[in-house]
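As the structure lists them, so they are numbered: ligands from 1, and atoms in each ligand from 1. Each residue takes its place number in the sequence, starting with 1.
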Amino acid sequence: MNKTLLSFALAVSVSAAAQAFPTKPITFVVPFAAGGPTDTVARQLAEAMRKHLDNATIVVDNAAGAGGTIGANKVARAAPDGHTLLVWHIGMAATPALYRKLPYKPLEDFEYLGIINDVPMTLVGKPQLPANTYRDFENYIRANQGKLNLGHAGLGSASHICGVMWQYAVKLDKSMATIAYRGTAPAMNDLIAGTIDVMCDQTTNTTQQIEAGRIKAFAVTTAKPLADHPLLKHYPTLQEMGLKDFNLTIWHGLYAPKGTPAPVLQKLNQALRAALQDPDFKKKQADLGAIVAGPRDPRVTPEGHKAFVAAEISKLKTVIDAAGQYAD
Ligand code: ASP
């Protein structure tokens, strides 16, 4: 075959690969338990994205454990054909600092498909806590140091990072005992039951529980108040409560294994960007306090997503090194 014919044949087979994709159900690996915040984002996104992927079936695989790193490793090692994708949050950037031995390389072993959303966090407590305002809550925690515990979704999870940052910011003499779960969905059940005392979790998991009065909320972790949300606007930011510079927002992104063919990546990125414009998806996310990435957000392109995560890796390393807490 001459050179021109060969490149023509290659171009035809590449676009055929994109046209043929998907050829079987797509799996979204969620590295936390079902029913939690990352799971909720993944399931709502799957519903919105499948419309732009020939109505493909998208199944969610909750591969929980080790703060999300087990699920991430599963995708890093999966066949690079676009049928196994990872939905993960800020843990993608925090775990390189928290785990000195990671089984995969965040910037080398994945194809970056784009950022999905930004999700504020809330500092919440069991319903029996004798505090109704942030001030009373902080005083109560201070007065009961060594007696209370904090639930989280494993070392390196968002709830863990938030708990560490908050305790570091309020300068407790004795840190709270922490209890690790496979996700904040099971931790939330224990918080509602009063088995654990405190948690810091994404609004995608806490909003409905706060509204139903099953848990108490004391503050939000964003720099600015959540003025547009009918419920969350009633809670102060931690900065307003005197924790200077406290600002934590959890973002989620979509990833494929390294080596996934470019036309498949392009099709997935287009489907993701179309889903981010879906009014139903945007409304469901907004109701839970999440802000879906807009069309002009540079992070919705693969390059922009990767550059953002690289910057977050450096930023979080500084925060985690300052707190001096590592997972291994
Ligand atoms: N909210 C969890 C975290 O702390 C993750 C989850 O259960 O989705 O990272």
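- Side-chain contact, N139 with R135: no donor N or O sits under 3.5 Å from an acceptor N or O.
- A continuous path of Ile, Leu, Val, Met, Phe, Trp and Tyr side chains, each step under 4.5 Å between heavy atoms, connects M165 with I313, placing both in one hydrophobic cluster.
- Under the 4.5 Å side-chain criterion, counting only non-hydrogen atoms from C-beta, D287 is not in contact with Q208.
- No donor-acceptor contact under 3.5 angstrom links the side chains of T249 and D118, judged on distance only.
- Atom numbering of ligand 1 starts at 1 in the shown order; those under 4.0 Å from a heavy atom of A158 are 3 (C), 4 (O), 9 (O).
- At a 4.0 Å cut-off, at least one heavy atom of D201 sits close enough to ligand 1 to count as contact.
- Side-chain contact between Y112 and F308: absent, with no pair of heavy atoms (C-beta onward) separated by less than 4.5 Å.
- Among all protein heavy atoms, the one lying closest to atom 4 (O) of ligand 1 is S159 OG, 2.4 Å.
- Here the shortest heavy-atom pairing between L268 and M49 reads O-CE, 3.7 Å.
- Ligand 1 does not have R182 within reach: every non-hydrogen atom of the residue lies 4.0 Å or more from it.
- Shown in contact with A153 at under 4.0 Å from a heavy atom are these atoms of ligand 1, numbered in order with element: 2 (C), 3 (C), 4 (O).
- Those atoms of ligand 1 that come under 4.0 Å of a heavy atom in G183, given as number and element, are 7 (O).
- The shortest separation from a heavy atom of P37 to ligand 1 is under 4.0 Å, placing the residue in contact.
- Residue contacts with ligand 1 include Q202, since one of its heavy atoms falls under 4.0 Å from the ligand.
- For Y235 and F218, the gap between ring centers reaches or exceeds 6.0 Å.
- At the top of the distance list for atom 9 (O) of ligand 1, counting protein heavy atoms only, stands H89 NE2, 2.6 Å.
- Taking the six-membered ring where the residue is Trp, the centroids of W166 and F137 are separated by under 6.0 Å.
- Protein heavy atom nearest atom 8 (O) of ligand 1, with residue, atom name and distance: T38 OG1, 2.7 Å.
- Nearest non-hydrogen protein atom to atom 7 (O) of ligand 1 is T184 N, 2.8 Å.
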